[in-house]
Structure formats: structure tokens, C-alpha cells
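A short write-up of the structure that comes next.
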Amino acid sequence: MKNVCKKIVGLSFFCALWGCFLAACSTVVDVDGDAVLSPDTNRTIVHRLYPNDKAKNDSSAANLARGIKLVVHPGVSYSLSFDIDSTQPPPELQLFRTFGLDHDVDRLGFSKVRTLSPEIVGNRYVYKFNCEEEKMSIWLTSLGVNGRYYEGKVKNIYFEGVGSYSDHFSINLVVVGSMERTLDGMDVEELSRYMLKLFREKYYGVTIDTLYLSYAHNHPVNGQKYLANRPWVAGFDSEDYFVSDVAGWPEDGLRNALNIVLVHSIVDNDIMGLSNLFSGNMGMAGGAVVIGEHVRNSSGEIQVLSSKNIASTAIHETGHFFGLRHTSTTWRDLNQVYENGKDTVFWGDLSNVEDGLTDTPFCPVVLKNTLYRRASVPENFRSDIYYRKKVNYLAKSGFDACPDRENIMFPVTIDEDDKVSFTKQQMDLVRSSLMIFPH
């Protein structure tokens, strides 16, 4: 019996996703003659909104006027809305495209995309726009009245996206380095068939066409970097936990598949899997889910995992990939920091103690548990803890009474529990994200 927790990692696929300093625009009037109210360049912009995320996101709301990040995809229709503050005039929303600066990797340039006036729907301001980018992008905001940052209260913010991409997807399971049989005796090919079966069972609201099995040493560009006869430890054998070099397979079917990278293990103790929240980058570098065949326990001892542990971790991390938060939030989820070598900036949102979905119960025991204590988390990691002894730990922690214990996105995985599932609202969110991600 095992009691396993998973980890969301905030390593960015490019620095704009998490935090960079901004290089100010050089002009204050654009070609259409509109005044430009740039995002505030005196602060590091770290807060962001994901499409269709139902969490409260109060920190994003509070920082909207001076600049937050919006994660956008090509060909998708978006709306951003919040409650009307009747004490202030209606503000204009300005959107800015970001781009990297060759001479300074810690800074971003930006240029204005458009200025939007709100529609009034009930008691809410609604700003609608389409994204005409060629790939996933990060846009910045400003909110203003007469060239000054909006001073009204921004409450109950919501960012919605409606895409028309397929609700089908395939998985590319990429094996990096040498593998042994799982704890219950499966080889890689048997594990891949089992994973496909379990993914299709749990992701009942979308269609998984197939699961491809690929090997890193056969990668058409970077295969020479990966030896088939030695184990690969993510975060040790390379600084890139996501092993991004094994993304970008050119073959039909693989090009836009969800990459799940199977490594020997992850260098951190107690960690089985990694994913960015709302990764949104099918088939490309930085858009992978990473899982280990082994786990290092708290003493550093390496254990081989069962096929169910491995597959269940992949299913949980893929939930994060499509925008699902933990059903019960931990302090480590909330208390995130961004470090750029110059400053340390808190970017967690203490309002997001729940995922915002009404059909996923919340367990306050998880937030109160000292094992998930409030502490700075280096490298933007959202981390949880792996435990070998289920019964004693669950009883001691009180997790055995949590109403969401049988949800896949509960932060603790219980090895022998076959009843775990997604709720309808979770699957609706997964489907909406899938239809936003180009593939």
C-alpha cells in the first residue's frame, strides 16, 4: 500500500509565463492616435489568468489595472469580466503582446494589441476579443480611465475562452533512458497499454485516440543526447525537469500529441510527477507531463513503482496540464515565490483555497496539515509529499475523512483505491481547455 502525492512545477516554457521585468514602451500614443496606458514597469508582473479557471483569483483582480498576464491561444474567442463598481466610470482594457529581448533575458518587451471598451451585462463589465496569434502567447493588461490606472474595485473576475479545436487527443509516451519492469512486473509496452486503458476510463468526457510509444534515443534531432542503456533522472541529468529536448516529434500523430515523458526518477525526494498548471502547449517543449518509474522516499532510498502508481500519477498530472487544480489546496500551492536573481516576488493567491468548482468537495484538513506548511517554495514548485505507509499516515493526518479523497485531483493518491474519478465540472473544464489548445 502506498500513499502518494504529486507535484506541479512552475518551471516556465518561456520566462513570460511566470515572471520577468518589463521594458517600457517608448511611445505613449499608438498609430491610431489612442493613448497608451502601459503596464506598470516598476513591478514584476507575476499574476495571471487561465481561461475557464473557476478559482477566485483575487490577486489577479487586484492587479488587473496595472498589469497581469492572460494566457491566450490562436483562433480562440475570449472574454474578461468583473463586477461593476458604480463609484467609478467604465474603464478601458488595453492588451499588450509580449516578446523576449535578445540583450536581456530577464526582461520583456511589449506592444499594444488593442483597446477595448466594456459591454455591460447585468452588473458586470465584459470585454470580448479574439486572439489572432500564430501560437500560444502571453498578453499583458492595463485598465484605465482617461490615461490613468483604474481606481475602482475589481471583484469576481472571470476569464473565459471558447475554442473550436478537436476534443480528441493522442498521447506520446516518451521513454528516456533505460527502464526496468514495474513493481508488478510490467515492461514498458505492457505499461503503455495499461496507461491507455486507464486514461480512457478516467477521461470519460473527451476522446483519447491512441497512445504512441516513443524512445528518446530515437528522437530525430536530439536522440544522440540520450543513451538507451542508462537511467535518466529528471532534474539531475539535466536542469530541465521536463526534458524538453524530446518534444517536437515531426511524425503525423505525434506532432500535436500530449507528451508524457517517462524517466527513471525525479531528483527531488517524494516526487513522482511534474506538470505546469494549464500548460497549453501540445507536442512542444515545456508542454510535457513528466513521471518517474521510481521515487526517492524522504531518506533518499529509491523505490520502483507499480504500474498503477505510474499511470495514476500521469492521469493526475495531465489534469493539471488541462487546468485542474487540487480539490483541496495545500499551503505549498498557495505560497509561491518567483526569484529572478534580483528580487523575490510572492505570486501565490491566498484566495484560491478552493478550485471554484461546485461538485468537488474541499477538505480543510489538508490546508491545516503541518506537512503542507506555509513556506517559501524555490523554483516556483508546487510540491506535495510521498508516503509509503498509508494507514497510519491517513489516520494521523485526518485525510481519511476528507470528502474529496476519491477525486483524482486530491493531492494524495491512495494506491489501492480504484474508485477515484473526475467530476462532471472537472471534465467540462478539461474539454474546454482541450478545445483551446491547438492540436
Side-chain angles (χ1 to χ4, degrees), residues 4-15 17-19 105 172-180 188 214-217 219 222-248 258-277 279 281 284-305 309-310 312-314 316-318 320-321 330 332-333 335-341 344 372 375-388 411 413:
V4 182
C5 293
K6 284 84 65 176
K7 175 181 185 176
I8 313 173
V9 63
L11 294 171
S12 65
F13 51 83
F14 69 112
C15 72
L17 186 55
W18 298 108
V105 296
N172 184 24
L173 179 63
V174 184
V175 179
V176 185
S178 62
M179 292 289 163
E180 60 188 77
V188 169
S214 303
Y215 293 87
H217 60 270
H219 191 276
N222 299 311
Q224 73 280 2
K225 297 181 180 181
Y226 302 97
L227 300 178
N229 60 356
R230 66 177 293 267
W232 188 272
V233 180
F236 176 79
D237 288 301
S238 70
E239 292 184 4
D240 177 11
Y241 279 76
F242 290 103
V243 201
S244 299
D245 280 345
V246 300
L258 167 64
N259 288 319
I260 297 181
V261 178
L262 178 62
V263 295
H264 172 274
S265 58
I266 296 165
V267 68
D268 306 74
N269 290 348
D270 306 321
I271 301 304
M272 290 179 57
L274 309 172
S275 178
N276 282 310
L277 182 64
S279 184
N281 205 6
M284 301 303 293
V289 168
V290 178
I291 54 175
E293 185 189 32
H294 299 74
V295 68
R296 286 170 170 75
N297 62 24
S298 298
S299 64
E301 178 187 359
I302 297 177
Q303 291 180 278
V304 65
L305 297 168
N309 279 153
I310 297 167
S312 296
T313 300
H316 176 104
E317 298 302 336
T318 298
H320 290 313
F321 178 95
T330 74
R332 292 191 179 189
D333 288 335
N335 198 47
Q336 301 289 302
V337 295
Y338 168 72
E339 298 183 30
N340 64 2
T344 298
Y372 297 102
S376 294
V377 183
E379 302 290 344
N380 295 334
F381 283 1
R382 299 184 182 194
S383 62
D384 302 305
I385 303 171
Y386 170 87
Y387 297 94
R388 287 187 296 173
T413 295

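Under the rule for a side-chain contact (heavy atoms from CB on, under 4.5 Å), the partners of Val267 that lie at least two apart in sequence or sit in another chain are Val233, Phe236, Tyr241. Residues forming a side-chain contact (heavy atoms from CB on, under 4.5 Å) with Ser178 (at least two apart in sequence, or on another chain): Pro231. Scored by the side-chain hydrogen bond (donor to acceptor under 3.5 Å, both in side chains) test, Ser265 finds Arg296 as partners (sequence neighbours excluded).
The distance from the CD1 atom of Ile260 to the CZ atom of Phe321 is 9.0 Å, given to the nearest 0.5 Å. For the atom pair NE2 of His294 and CD1 of Ile310, the computed distance is 8.5 Å after rounding to the nearest 0.5 Å. To the nearest 0.5 Å, atoms CG (Leu274) and OG (Ser279) are separated by 11.5 Å.
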Tell me, with the steps shown, if Glu180 and His264 meet side-chain hydrogen bond (donor to acceptor under 3.5 Å, both in side chains). CA-CA 9 Å; Glu180 60 188 77; His264 172 274; 5.1 Å; no
Test side chain to side chain contact (heavy atoms under 4.5 Å, CB included) on Phe242 and Asn259 and set out the steps. CA-CA 10 Å; Phe242 290 103; Asn259 288 319; over 6 Å; no
Could you walk me through whether Val261 and Val176 pass the side chain to side chain contact (heavy atoms under 4.5 Å, CB included) check? CA-CA 7 Å; Val261 178; Val176 185; 3.5 Å; yes
Would you sort out whether Val295 and Leu305 count as a side chain to side chain contact (heavy atoms under 4.5 Å, CB included), showing the intermediate values? CA-CA 7 Å; Val295 68; Leu305 297 168; 3.7 Å; yes
Should Val263 and Ile291 be marked as a side chain to side chain contact (heavy atoms under 4.5 Å, CB included) after you check the CA-CA gap, both sets of side-chain angles, and the distance that decides it? CA-CA 6 Å; Val263 295; Ile291 54 175; over 6 Å; no
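Looking at heavy atoms from C-beta onward, Val174 lies out of side-chain contact with Leu262 at the 4.5 angstrom threshold. Side chains of Asp237 and Arg230 form a contact here, defined as non-hydrogen atoms less than 4.5 Å apart. A 4.5 Å side-chain heavy-atom check between Thr318 and Leu258 finds at least one atom pair inside the cut-off.
Between His217 and Tyr215, the ring planes lie tilted relative to each other; the angle falls in the 30° to 60° range.
Judged by distance alone, with hydrogens and angles left aside, the side-chain atoms of Asn222 form a donor-acceptor pair with the main-chain N or O of Asp245 at under 3.5 Å. Under the 3.5 Å distance criterion, the side-chain polar atoms of Ser275 are matched with a main-chain donor or acceptor of Glu317.
Considering all non-hydrogen atoms of both residues, Ala314 and Val289 come closest at O-CG1, 4.4 Å.
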